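For reference, the structure discussed in these notes is given below.
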Amino acid sequence: MTKSEAGNFMSVQFAALSENESFARVVVAAFVSRLDPTMEELNDLKTVVSEAVTNCIIHGYDSDPEGIVSISASIEHETVHLTIEDKGRGIEDLELAQQPLYTSKPELERSGMGFTIMENFMDEFEVTSEPGRGTSISMKKTIVSKKALYN
């Protein structure tokens, strides 16, 4: 996204290490904070970031710390646009991967609910993936101003 397409934007990249999941949550939460989100909205955003980043690390890179996870976000009016992506292995069967309770890593006791959670917590959700080239998750959420709630 270019500067002219968004009111405000940011991007960050980091190593595909599980300890960076909390970093990603904080970065997105700090960026969105100027919209004064409710606790529920903020928790929704932090949850989807955790789910997407964890998917990149565990599934995209097979927990290889050499991988890089990228997050870009923009704010247009009250809408947050969020993209989280990896350049890892990609998803062979995207339709199957988006089925609730499906996991390609049952040995890790994964719940298989990541995509379902992201889809339910956001206003818009889209996954694109190409085997051998990586996966991109794009999401949107409109933040309801707390001021509007109390007037």
Side-chain angles (χ1 to χ4, degrees), residues 1-14 16-61 67-105 110-131 133-151:
M1 182 161 288
T2 66
K3 192 173 186 179
S4 63
E5 294 173 324
N8 192 6
F9 66 96
M10 70 90 181
S11 65
V12 64
Q13 294 183 321
F14 50 88
L17 297 166
S18 60
E19 63 248 33
N20 286 337
E21 178 196 332
S22 60
F23 166 74
R25 290 167 55 105
V26 169
V27 166
V28 171
F31 180 71
V32 173
S33 67
R34 75 168 189 86
L35 294 177
D36 198 20
T38 64
M39 285 304 293
E40 182 179 354
E41 290 168 331
L42 194 58
N43 286 333
D44 288 354
L45 286 165
K46 289 165 63 176
T47 299
V48 300
V49 168
S50 290
E51 292 292 339
V53 168
T54 298
N55 279 353
C56 291
I57 294 167
I58 291 174
H59 299 290
Y61 292 119
I68 295 173
V69 178
S70 300
I71 298 177
S72 59
S74 66
I75 296 172
E76 290 182 78
H77 306 288
E78 287 77 38
T79 301
V80 178
H81 302 258
L82 188 60
T83 301
I84 301 173
E85 59 189 351
D86 65 66
K87 301 294 183 201
R89 18 189 297 185
I91 300 170
E92 292 288 334
D93 186 339
L94 193 52
E95 189 175 324
L96 177 63
Q98 290 184 44
Q99 296 300 310
L101 304 177
Y102 172 79
T103 180
S104 63
K105 303 265 186 193
R110 308 295 304 161
S111 71
M113 293 298 291
F115 286 146
T116 302
I117 290 168
M118 288 182 256
E119 185 172 22
N120 285 312
F121 283 17
M122 301 299 282
D123 298 331
E124 292 182 30
F125 168 81
E126 181 182 11
V127 180
T128 56
S129 188
E130 189 175 335
R133 302 196 81 175
T135 301
S136 178
I137 301 169
S138 298
M139 302 172 275
K140 290 183 187 178
K141 185 170 189 76
T142 299
I143 302 300
V144 178
S145 170
K146 283 185 194 173
K147 295 174 192 121
L149 292 175
Y150 299 113
N151 288 332

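Source: prediction; values computed, not measured.
Put simply, CZ on R25 and CD1 on I71 are 11.5 Å apart, with the number rounded to the nearest 0.5 Å. For the atom pair E124 CD and M139 CE, the distance stands at 12.0 Å (nearest 0.5 Å). Here the straight-line distance linking atom OG of S18 with atom CD1 of I58 works out to 8.0 Å at 0.5 Å rounding. Distance check, rounded to the nearest 0.5 Å: NE2 of H59 to OG1 of T135 gives 10.0 Å. Of the inter-residue distances, the one linking H81 atom NE2 with T142 atom OG1 reads 7.5 Å to the nearest 0.5 angstrom. Taking CG of N43 as the reference point, atom OG1 of T38 lies at 8.5 Å (rounded to 0.5 Å).
Considering only heavy atoms from C-beta on, I75 comes within 4.5 Å of F31 through its side chain. Between M10 and V28, some side-chain heavy-atom pair lies under the 4.5 Å cut-off. With contacts defined as side-chain heavy-atom distances shorter than 4.5 Å, the pair V49/L82 qualifies. Between T47 and M118 the shortest side-chain heavy-atom distance does not fall below 4.5 Å.
In this structure, S129 contributes its side chain and G134 its backbone to a donor-acceptor pair below 3.5 Å. Checking side-chain atoms of Y61 against main-chain N and O of I68 turns up a donor-acceptor pair under 3.5 Å.
Summarising the geometry of F115 relative to N55, their closest heavy-atom pair is CE2-ND2, 3.8 Å, with the distance given to 0.1 Å. What you find for Q13 and S70 is that their closest heavy atoms are NE2-OG, 3.1 Å. The two residues K140 and T79 come nearest to each other via the heavy atoms CB-CG2, 4.3 Å. The two residues R34 and N8 have their closest heavy-atom pair at NE-ND2, 3.8 Å. The nearest pair of heavy atoms linking A52 to I84 is CB-CD1, 3.6 Å. Among all heavy-atom pairs drawn from P37 and V32, the shortest one is CD-O, 3.8 Å.
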Checklist line | CA sep, side-chain torsions, deciding dist, call: N20, V53, side-chain contact (heavy atoms from CB on, under 4.5 Å) | finding: CA-CA 9 Å; N20 286 337; V53 168; 5.9 Å; no
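Taking the six-membered ring where the residue is Trp, F23 and F14 present perpendicular rings, their angle passing 60° and hence far from 30°.
Counting only N and O atoms by type, the side chains of S50 and E21 include a donor and acceptor under 3.5 Å apart.
The number of heavy-atom neighbours closer than 6.0 Å to CD of E19, taken from other residues, nucleotides and ligands shown, is above 12.
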